[in-house]
Amino acid sequence: MIKVIVKDGDLRKAASEGMDEFVDVFVKAIYDAIGGTLTAENMAELNADQITLLAYIMLRDEMMDGGMVQLIHNGYGDFFFKNPFAKAVKQWEMKDLSKLIYNAYPLYRMHQETIERECSDEEFAALYEQFPQFDDIDDEFVENEEKWTAQVAEYIDNNIEKFCIIEE
């Protein structure tokens, strides 16, 4: 396992600034430890909680930027739907997010090939009109993002040793 280090001062500062900053201090430390990019090779050096945290941030960023169609088009579908992400967040007591991922899976399977294909910006924009069934999933994510990020922060706070080593 790779050693992920968070400075105590950085943690205290982030905690005083809010939940997003608190979560981000751990995300940044994990990315620093693995060289800035999550790959199949360095994923093996992380534990399940560290991977789940990075996955949540990827999910959040994609969903808040362009929704499920963008997430699938950008090639993250397999990462979320063919790996135990939904199970992992359920173990973090994030049952609503887990349910959202499980509910999106059949739509992903049905439309994956079309959404993932190479296309122009114009064709990509048209995917949103072509697949309105993802709208409810997108809306649910946006409506719950703040709550889910708070749950992530709480899980980290209660399990810091699973994410990093705190140093002075």
Original post:
For Lys28 and Asp10, what are the C-alpha separation, side-chain angles and deciding distance, and is it a side-chain contact (heavy atoms from CB on, under 4.5 Å)?
Top reply: CA-CA 11 Å; Lys28 182 182 179 317; Asp10 294 342; over 6 Å; no
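- Within 6.0 Å of atom OH in Tyr128, more than 12 heavy atoms from other residues, nucleotides or ligands are found, so the atom counts as buried in its surroundings.
- No path of Ile, Leu, Val, Met, Phe, Trp and Tyr side chains, each step under 4.5 Å between heavy atoms, connects Met63 with Met19, placing them in separate hydrophobic clusters.
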Subject >> Derivation and outcome, salt bridge (Lys or Arg N to Asp or Glu O under 4.0 Å), residues Glu145 and Lys147 >> reply: CA-CA 5 Å; Glu145 181 274 329; Lys147 175 183 86 170; over 6 Å; no
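- Applying the side chain to side chain contact (heavy atoms under 4.5 Å, CB included) test to Glu17 and every residue at least two apart in sequence or in another chain returns Lys13, Glu21.
- Connection of Met43 to Ile30 is established within a shared hydrophobic cluster, with ILVMFWY side chains joined at heavy-atom distances below 4.5 Å, either directly or through further cluster members.
- Separation of atoms CD1 (Ile72) and CD1 (Ile115) is listed at 4.5 Å; rounding is to 0.5 Å.
- A distance-only check finds a donor-acceptor pair linking the side chain of Asn83 to the backbone of Phe79 [under 3.5 Å].
- Under the 4.5 Å side-chain heavy-atom criterion for ILVMFWY residues, no single connected hydrophobic cluster contains both Ile137 and Tyr102.
- A distance of 9.0 Å separates CG of Leu53 from CZ of Phe26, quoted to the nearest 0.5 Å.
- At a threshold of 4.5 Å between non-hydrogen side-chain atoms, the residues Tyr31 and Thr37 do not count as touching.
- Checking side-chain atoms of Tyr56 against main-chain N and O of Thr149 turns up a donor-acceptor pair under 3.5 Å.
- Note on Phe22 and Ile165: separate hydrophobic clusters, where clusters join Ile, Leu, Val, Met, Phe, Trp and Tyr whose side-chain heavy atoms are under 4.5 Å apart, directly or indirectly.
- A salt bridge does not link Glu62 to Arg60: none of the charged nitrogens lies less than 4.0 Å from a carboxylate oxygen.
- Under a hydrophobic-cluster definition in which Ile, Leu, Val, Met, Phe, Trp and Tyr are linked whenever side-chain heavy atoms come within less than 4.5 Å, directly or via other members, Ile5 and Leu38 are assigned to different clusters.
- Between the side chain of Asn158 and the backbone N or O of Glu154 there is at least one donor-acceptor pair closer than 3.5 Å.
- Distance check, rounded to the nearest 0.5 Å: CD1 of Ile34 to CG of Leu46 gives 5.0 Å.
- Nearest heavy-atom pair across Ser98 and Ala86 is OG-O, 2.9 Å.
- Gln50 places a side-chain N or O within donor-acceptor distance of the main-chain N or O of Phe163, the cut-off being under 3.5 Å.
- Looking at Tyr105 and Arg109, their side chains do bring a donor and an acceptor atom within 3.5 Å of each other.
- The shortest side-chain heavy-atom distance between Leu59 and Tyr76 does not fall under the 4.5 Å cut-off.
- Atom CG in Leu97 sits 12.0 Å away from atom NZ in Lys90 (nearest 0.5 Å).
- Annotation for Asp138 and Gly67: closest pair OD1-CA, 3.5 Å, computed over non-hydrogen atoms.
- No donor-acceptor pair closer than 3.5 Å links the side chain of Asn47 to the backbone N or O of Met1.
- Annotation for Phe85 and Thr52: closest pair CE1-O, 3.9 Å, computed over non-hydrogen atoms.
- Scanning all heavy atoms of the two residues, the minimum distance from Glu93 to Gln151 falls at O-NE2, 4.1 Å.
- Side-chain contact between Ile160 and Ile166 is present, with at least one heavy-atom pair separated by less than 4.5 Å.
- Contact detail for Val4 and Ala33: the closest heavy-atom pair is CG2-CB, 3.8 Å.
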Subject >> Evaluation steps, ring-ring contact (aromatic ring centres under 6.0 Å, His included), between Trp148 and Phe141 >> reply: CA-CA 9 Å; Trp148 289 334; Phe141 190 91; 5.4 Å; yes
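- Residues Met68 and Leu107 have side chains not in contact (no heavy-atom distance under 4.5 Å, counting atoms from C-beta outward).
- Heavy atoms of other residues, nucleotides or ligands lying less than 6.0 angstrom from CG of Asp8 number more than 12.
- Atom CZ of Arg117 has more than 12 neighbouring heavy atoms from other residues, nucleotides or ligands inside a 6.0 Å radius.
- Taking the six-membered ring for Trp and thresholds of 30 and 60 degrees, Phe134 and His111 have ring planes more than 60 degrees apart, a perpendicular arrangement.
- Annotation: Glu123, atom CD; neighbour count of heavy atoms from other residues, nucleotides and ligands within 6.0 Å is above 12.
- A side-chain donor-acceptor contact under 3.5 Å links Asp78 and Tyr108.
- Taking 4.5 Å as the limit, every side-chain heavy atom of Ile2 sits out of range of all side-chain heavy atoms of Asn42.
- Atoms CD and CG, from Glu140 and Asp135 in turn, are 13.0 Å apart once rounded to the nearest 0.5 Å.
- Atom CD of Glu122 has 12 or fewer neighbouring heavy atoms from other residues, nucleotides or ligands inside a 6.0 Å radius.
- Taking CD1 of Ile57 as the start and CG of Asp24 as the end, the distance is 6.0 Å to the nearest 0.5 Å.
- Asn159 places a side-chain N or O within donor-acceptor distance of the main-chain N or O of Tyr155, the cut-off being under 3.5 Å.
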